Each structure stands twice: as structure tokens, then as C-alpha cells.
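Single-structure report; data block below.
Counting starts at 1 for both ligands and their atoms, following the listed order. Owing to the predicted nature of the structure, the values given are computational and were not obtained by experimental measurement.
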Amino acid sequence: MVPIHMAKSLPVSAQKSGPLLGKLRVPSDKSISHRALILGISCVGETLVSNLLEAEDIMATADAMRAMGGHVEKVDDGKWSITGVGTGGLEQPEKPLDFGNSGTGVRLCLGLVASHNMTVEFSGDSSLSKRPMGRVLKPLADIGAVVNNDRDCLPLTLTGARDPLPIEYTLPVASAQVKSAILLAGLNTPGIMTVIEPEPTRDHTERMLSYFGAELNITLEAGERRIELTGQPELRPGILSVPADPSSAAFPLVAALIIPGSDIVLTDVMLNPTRTGLITTLKEMGARITIVDEREEGGEIIGDLRVEASDLTGVQVPSSRAPSMIDEYPVLCVAAAFASGETHMAGLGELRVKESDRLAAMAAGLKACGVEHEEGEDSLIVCGKDSIPGGGTIKTHMDHRIAMAFLIMGLRSDNPITIDDGAMIATSFPGFIEEMTALGATFTMRAE
Ligand code: S3P
């Protein structure tokens, strides 16, 4: 099958739409789905996963797990079966591992491979090949892995350590991917692998490692999180269910807030506090979001969200909130564009190294749609208005979240907004157009 993003580009336009009404379960969480596959292969025996995200990023990780000896397949009842090789049991892949557009897939797998004495080639698409890998390669080199590349980008070849060393590493950037890469390297390293996080980031790796039986000691002191993993655990396979992705829920959520008369319910949304910064911010802006039926499933907090159209007011978003809403700034800009007053966002440096330079892409898109804003090195101010001209064509730079954010803006702007390519939406939110249309959104598509 040709991955959709290798096909021709797929421009999509969004136009002013009536109220959004109804119920939607957005696709499952991308972060948890990657980890389910990677930790599944690290167990001996079969792990069964229901509601795995079946999107391109995750399928690339599934292929990588197969290439290293795991057995990964969808079974009759829609669950995914992963039969692992156990800690330390990875097999040498015969071909380069291609992670497509996925930064999470490649960085986590670099960590997993780093403590196995084998040589693996890693590659990705043109967007992923521009993203910095040095942030994981540096600690992995301290563990003993060798990279035969003088740039810190893909494609690269990594030779894992024969005698991996446990390290104590303080994260220089707030990144769950870097934290997770080190912890995954720790799985096949004797001794205690320690990661210190000055700013806590999403903790799915730690939760899932504990669920599979690893010994973790986590302490919080003066705001810093210290995570110690005891190496070479025997991970026990288990049964997992992946909740809906709050980063995908963010798009219909903001759409319902800004389109008058909307009233929707988003079901099964994961509400892990390391991921709910957007909900906190939107509530501060006056959003009517009600959490219904909050429950715990598989170690994660889950709830249904009722979202009603709301009059929003601009706020100051503190930089300390960035890790818990790092993927949500593009769609927050859309909410801010329709709020009264200014929204100030600080601490956005990491947005420059996502699937695109998201800060620059948002600023350019806001300009094309007639939204006043001010872009700083690591900050953005958006000046909201009740009506926005729209009418622009947005360069998405192969970035699914830029694509979805501007389509949402087009549902309320005076003139339709067109994105140059909607194909990358399939990396995280397959069915976005169809699901949003079922709620009442209007899009037109044209293959080029
Ligand atoms: C992710 C961590 C975040 C996030 C990405 C998914 C993860 O990246 O932006 O979409 O699953 O660990 P960083 O860790 O680089 O901030």
C-alpha cells in the first residue's frame, strides 16, 4: 500500500458551518498506542490491545516491532495481538526502520535499540528528517550507543551498546520522548537508570512500565520529578485498552466552542493531568466544558466531555503549562482568534521543532486569514475578534495539526479557508473529515 502522504497532495477547504451537534469518539491516543507496541514487544508472551490507534504513525512503529522479531497482528475481534521477545531479546532487523512522519516512534525506538548490541538504520520522511535527534542521541551515547552520523538528523545508523551503562540524566528540554528513550534503553541495562525532569511531562511510559511489572521509583522534590528504573526486569504481558486521544479531541472541542449553537459530547477522552493543559486554559477563557462520567481504566483517568458553544475571552497562558498542552497550541490559536481580547502564550520554543516549525506556520496562517498576532522567538500573542475574514490558503508543511487547526478556523470564518494538503491528517486522526462532517462541519476536497 502506498502511504497516503506519498500520494498526490490533497487540498481541503472548510467553510462556515451550522452548529455542531452529536457524539464522537475521536481516534485512540497516539502516545499510548506507540508505547503499547514497544512495551508489548519487550514482554515474553502475548499482550492484547483494544482500541489501538490505526493511524500511519502507529503502523510505522508496528512495522519496526515486526522487523525486530515481534509478532504484531490485528486479530478477529479488532484487538491487536503483540507477542514479544522479552527484555534484551530484539532481533537484528534486515532493513532500515522507516518511521514516516513520527518523531515519537523514532525517538522511542532509538532508546529501545540503544542497549542491544546490534546495528540499525533509522529513516523517516522529509519532515522527520529535519527534526533534531541529538536530544536523544546524547544520553544514548552516554549509555554506550554509537551513532555513525555527524549530523543529528535522520537518516542515521545506531549501534547499540554491548555493555550498556546506567546513567543519571537531567532533561535539558521538557520532552517525554527523551525521557522515554532513556527509560526504554534502561530496560536492557543492568542497574538503575535515572531521569530527572525539571518540568514534568506526559507520564505514559512510566505508567505502562509499572503496569507490565517493571520496578520504578518516582519521587517529586521541589517541582522536579526523579524517575528510577531498575534494569533488566521481566515484563509480564497484559491486556490494554487505549482511550481516546485528548490531542485529537482538541479539534472538535474547539470547533464546538466557536461555532454558535453547538453542543457535542466527546466520549472516552483520556484526562491524564499531564495532558489536560488545553482544557484548563479553555475553561479560564470561559469555555463550557463539562466532564461527565469520570472513571479510571487501565491506569488512566478517562471521561466524556460535553462541550457547548461559548463566548471566550483572551488569557495569559503561563509557560509552565506548555508541557501539558504542547501539541494543542495550534488549535488554541484558533480559539484565541475568536475570543475577545488578547491571548498571550509563552514558553513555546519546542513548537519550532515539531512536525513543522509550528510557531512560524501558525503565524503565517493567522496572517493569511486576517488575524492580528505577534510572533516572538518563543511566544505568540493572538488578538481575537468576533469575525475573521479567512479566505487564505494555508501551507501545512506536512504537519497534521496545522492542517486540522486551520480547517477548524474555516468552519467559523467569513470566507472558506483552504489547506494545501490534508493527507498528513491520517498520521494521527484518520476519519477527521468524515467524523467532523457527521457533526455538521462542511468541507470540500479536491485531489491534485
Ligand atoms: C510525545 C511527546 C511530545 C509530543 C508528541 C508525543 C510522546 O513530544 O509533542 O506529539 O508520545 O512522548 P516531546 O516529548 O518532544 O515534547
Arg107 N/O under 3.5 Å from ligand 1 N/O: no

Within the supplied structure, the quantity of interest is the number of heavy atoms (other residues, nucleotides, ligands) at a distance under 6.0 Å from Glu224 CD; does it exceed 12? yes

Return the residue, atom name and 0.1 Å-rounded distance of the protein heavy atom closest to atom 6 (C) of ligand 1. Thr104 OG1, 3.3 Å

Lys354 near ligand 1 by a heavy-atom separation under 4.0 Å: yes

When you compare ligand 1 with Ala176, is there at least one nitrogen or oxygen pair between them that comes in under 3.5 angstrom? yes

Students should be able to answer this: which protein heavy-atom is nearest to atom 11 (O) of ligand 1, and at what distance? Ser31 OG, 2.7 Å

Would Thr219 and Arg226 satisfy side-chain hydrogen bond (donor to acceptor under 3.5 Å, both in side chains), going step by step from the backbone distance to the final call? CA-CA 5 Å; Thr219 48; Arg226 182 183 178 90; 5.1 Å; no

With a cut-off of 4.0 Å, which atoms of ligand 1 are near a heavy atom of Asp327? 4 (C), 5 (C), 9 (O), 10 (O)

Worked check of salt bridge (Lys or Arg N to Asp or Glu O under 4.0 Å) between Arg131 and Asp152: CA-CA 8 Å; Arg131 298 181 64 186; Asp152 82 358; over 6 Å; no

Taking 4.0 Å as the limit for heavy-atom contacts, which would you say applies to Lys179 with ligand 1: side chain only, backbone only, both, or neither? neither

Whether the Ser31 and His204 side chains hold a donor-acceptor pair (N or O, under 3.5 Å, no angle test) is what I'd like checked. no

Do Ile182 and Met193 have side chains that get closer than 4.5 Å, going by heavy atoms? yes

Look at atom 12 (O) of ligand 1 and say which protein heavy atom is nearest, naming residue and atom and giving the distance to 0.1 Å. Arg35 NH2, 2.7 Å

Minimum side-chain heavy-atom gap Arg135-Pro132 below 4.5 Å: yes

Do any N/O atoms on Gln177 end up under 3.5 angstrom from N/O atoms on ligand 1? yes

Can you name the atoms of ligand 1, numbered from 1 with element, that are less than 4.0 Å from a heavy atom of Ile326? 9 (O)

Measure the spacing between CD1 of Ile433 and CZ of Phe443 and express it to the nearest 0.5 Å. 4.5 Å

